[in-house]
Amino acid sequence: MLAFAHPWALLLLLLAAVPWLVPARQPVLWSHLGLLPADPASDRLARLLQLAAMLAWIAVTLALAGPYLPEATSTRIGRGAEIVLLLDRSRSMDQKFGPETNTLRSGDERIDDSKAKIAKRLIAEFSAGRPNDVFSMIDFTNVAIPTLDFTQKQAAVQAAIRAADVGRGLADTDIGHALQAAGERFSDRVYTGSRIVLLVSDGGGQIEPDLRKYLTQLYKRNRIALYWIYIRSYYSPPLTGPVDAPAGTPTPGPGAAAPTAEELKAAQDAADESIPERFLNKFFSGIGIPYHAYEAQNPQALKNAIDDVGRLEAHPITLTEVSPRRDLSPPLFVIAALLTALLAWAKGMERRTWQ
Amino acid sequence: MDEFHYRIHWRSRGHVTGAHRGTQSGAGFEFTGHRALAEGGDPRRLDIRASLRDPFGRWQVRVFAQRSAIPVVLLADLSASMAVQGQHDKWQSLVDLTRSLAWSVSRNGDLFSFIGCDEQVRQDLFVPPTQRRAATLAVADRLLQSRPMGRPAAQGLLQAANWLPQRRSLVFLVSDFHHPVAFIEQLLAALQGHDVVPVVLWDPVETQVPKGRGLLRLQDSETGQHRLVWLRPALQAAWRAALTERRAMLLRQCERLGRPPLIIEDAFHPDQITRYFHAAA
């Protein structure tokens with residue numbers, strides 16, 4: 001409801017009667033007003049000016065009292081999801097894709113930006129296209145850096161995404177604790193709709209067994225869907241599929257026999273254990289939460305990721321909207337200024353003498 | 001000091017000799033009839049022919065009407081509107097007129113009386129009919145010192161009739177006549193027994209409509225009322241018409257008393273009064 005910042009100023013409202021009680025100053029002394037013909041137009045004008053003076057005073061006083069509508073929360077049912085954007089800000093994200101940067105193209109434009117810049121732009125587009133979603137944002141390197149709590153305000157979301165680009169990234173990447181921070185974001189929240197953690201990174205990392213267990217519980221309990229946009233540069237390993245010989249083993253000579261299926265399977269398992277990206281992919285797939293990974297090697301993969309989230313968005317979600325405190329004094333000041341201008345004009349039109 | 005001439009066309013019934021035709025018989029040049037010497041006629045005026053014609057053989061004496069003095073009253077409106085300065089100072093005009101009239105009256109040998117009224121009759125300024133020059137000339141100076149304080153109206157004028165001499169007098173009613181029509185009617189009715197010369201002091205400011213456009217905040221000098229006037233051609237035309245109508249109304253009212261108003265719109269000059277009386281003759 002309407003409230004005032006300085007209610008005592010309302011006492012000054014009493015002075016609004018002044019234009020009616022106190023006659024105007026500096027009139028021209030006239031011997032006998034009975035000589036003048038009656039003129040309703042003049043009388044109306046006089047009353048109008050008195051009214052304007054009163055209203056101007058009221059407007060100024062009310063404006064000084066600082067009326068505002070206090071902060072209010074309202075809930076409504078929309079269609080969307082709660083999304084935690086988990087953005088990798090490690091040093092590697094500052095680098096480009098590698099020699100064949102043309103693998104990631106936007107039209108015919110060759111992309112020379114760093115991975116972080118591209119990721120940032122993609123996330124920005126992604127969030128801009130979903131006004132009904134509730135976003136939260138966490139940057140991470142060796143620690144999770146929460147930058148934005150859940151909000152529906154696009155301006156805040158975009159600003160947080162822009163802020164992720166400031167400066168250079170740090171050296172290390174601790175993806176486990178980042179995921180933990182993202183998952184815990186939902187812990188003290190009422191379940192209102194689909195929950196998504198959107199992980200954007202260009203690499204993985206090992207997660208300790210204890211933390212693995214905890215993450216599994218956390219993501220299940222909070223019913224979180226995990227989307228991993230894996231920005232894969234030229235030298236990065238794929239998430240799935242057959243692998244080359246494990247690193248460190250000598251390249252077999254031309255005469256060597258082709259590896260058997262068992263050998264390939266063993267090599268793949270070894271790779272799943274040793275290559276962090278593959279390890280993560282396998283871990284996430286195995287813990288029984290909705291999970292999808294996208295290898296952002298080409299624009300189409302990103303488009304798929306975004307379309308997938310778009311589908312999830314169709315679920316109903318309860319949104320809590322906080323409308324901020326609204327200051328109502330500016331329009332009052334404008335009204336007062338206009339009325340005062342009218343009065344000043346009338347004063348300017350006034351003549352000091354009969355000449 | 002400037003003097004003006006005034007005359008009346010009625011006979012004074014006063015005993016004091018003066019400059020006006022009177023009803024009293026005595027030393028004069030106006031033959032009115034004969035009278036028996038035995039009845040108290042003046043033997044110096046013995047008329048031989050009339051005596052011989054008299055069937056009873058009595059001595060006949062000529063009788064002449066004596067020229068007599070009249071009371072001249074200056075009845076002044078001392079309300080606040082009289083002190084409003086326009087192009088001229090009406091109050092100064094009133095003072096000049098008072099001084100000039102007092103002088104002229106004493107030169108004429110008439111009795112001068114001054115009655116000033118604002119809301120009451122101003123007793124401090126009252127001068128009963130007298131021929132003493134010291135008293136009559138001093139009133140002008142006192143008048144100069146007593147500009148109205150505050151916003152007195154002119155209600156006292158209605159009581160002034162009680163302060164006038166019983167017999168017919170020449171009354172100079174000096175006012176700006178800025179009063180309601182009913183008040184003017186009532187005032188003139190109260191003065192009916194006397195020969196009233198309405199002297200209207202007006203200022204060009206009051207009788208001309210302000211030119212141009214704009215807003216004018218006016219305050220009434222007597223009621224203190226405020227009024228905002230939006231000057232525009234339509235109002236100025238109506239204003240002009242109202243002023244013309246007021247002048248016509250004043251003429252109508254004064255005509256009923258037998259004398260046209262003497263309207264003084266510039267600074268006072270005694271010749272204006274002289275011309276007025278000559279035109280009336």
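Remember, predicted model here, so these are calculated numbers, not experimental data. What's counted below: heavy atoms across the whole structure, side chains too, no hydrogens, waters or symmetry copies. Chain letters run A, B, ... following the sequence lines, proteins first, then strands; residues in each count from 1.
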Visitor: Could you measure the distance from the NE2 atom of A/His32 to the CG atom of B/Leu218? Nearest 0.5 Å is fine.
Guide: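 That separation rounds to 13.0 Å.
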Visitor: Taking C-beta and beyond as the side chain, do A/Leu36 and B/Trp239 meet within less than 4.5 Å on heavy atoms?
Guide: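 Side-chain contact under 4.5 Å: yes.
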Visitor: In chain order, what residues pass the ring-ring contact (aromatic ring centres under 6.0 Å, His included) check against B/His179, with sequence neighbours excluded?
Guide: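 B/His179 satisfies ring-ring contact (aromatic ring centres under 6.0 Å, His included) with B/Phe183 only.
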Visitor: Has A/Trp345 got more than 12 heavy atoms of other residues, nucleotides or ligands less than 6.0 Å from its CH2?
Guide: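 Not buried by this count: 12 neighbours or fewer within 6.0 Å.
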Visitor: What distance do B/Leu216 atom CG and A/Ser42 atom OG have between them, rounded to the nearest 0.5 Å?
Guide: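 Rounded to the nearest 0.5 Å, the CG-OG separation comes to 10.0 Å.
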Visitor: Heavy-atom distance under 4.5 Å between the side chains of A/Val28 and B/Arg217, does that happen here?
Guide: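 No. Closest side-chain heavy atoms not under 4.5 Å.
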Visitor: Where does B/Arg213 contact chain A at under 4.5 Å (heavy atoms): side chain, backbone, both or neither?
Guide: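 Backbone of B/Arg213 only, per the 4.5 Å heavy-atom cut-off to chain A.
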Visitor: Shortest non-hydrogen contact from B/Glu206 to A/Ser31?
Guide: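 Closest pair (atom of B/Glu206, atom of A/Ser31, distance): OE2-OG, 2.9 Å.
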Visitor: In terms of heavy-atom pairs under 4.5 Å, which option from A/Asp39, A/Leu45, A/Asp43 contacts chain B the most?
Guide: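 Result: the option with the highest number of such pairs is A/Asp39.
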Visitor: For the interface with chain B, which of A/Lys347, A/Met349, A/Glu350 has the highest count of heavy-atom pairs at distances below 4.5 Å?
Guide: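 The residue among A/Lys347, A/Met349, A/Glu350 with the greatest pair count is A/Glu350.
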Visitor: When rounded to the nearest 0.5 angstrom, what distance separates CG in A/Leu49 from CG in B/Leu215?
Guide: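 Output value for this atom pair is 7.0 Å.
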Visitor: Where is the tightest heavy-atom contact between B/Gly212 and A/Arg351, given as atom of each residue plus distance?
Guide: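 What the structure gives for the nearest pair is C-NH1, 3.6 Å.
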Visitor: Among B/Arg232, B/Glu222, B/Met82, B/Gln208, single out the residue with the greatest number of heavy-atom pairs under 4.5 Å to chain A.
Guide: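 That would be B/Arg232.
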Visitor: For the residue pair B/Gln225 and A/Pro23, establish whether any side-chain heavy-atom pair is separated by less than 4.5 Å.
Guide: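 Of all side-chain heavy-atom pairs linking A/Pro23 with B/Gln225, none is under 4.5 Å.
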Visitor: Within the 4.5 Å heavy-atom criterion, are B/His226 and A/Leu33 side-chain neighbours or not?
Guide: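 No, side chains not in contact.
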Visitor: Would you check if the side chain of B/Ser221 reaches a backbone N or O of A/Leu29 as a donor-acceptor pair within less than 3.5 Å?
Guide: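 The answer is no, because no donor-acceptor pair under 3.5 Å joins these two groups.
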Visitor: Out of curiosity, B/Thr223 OG1 to A/Trp30 CH2, how far, rounded to the nearest 0.5 Å?
Guide: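 So the gap between those two atoms works out to 14.0 Å.
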Visitor: Taking side chain to side chain contact (heavy atoms under 4.5 Å, CB included) as the definition, give me every residue that meets it alongside B/Arg247, ordered by chain and number, with sequence neighbours left out.
Guide: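 Side chain to side chain contact (heavy atoms under 4.5 Å, CB included) check on B/Arg247 returns B/Trp202, B/Thr207, B/Ile263, B/Glu265.
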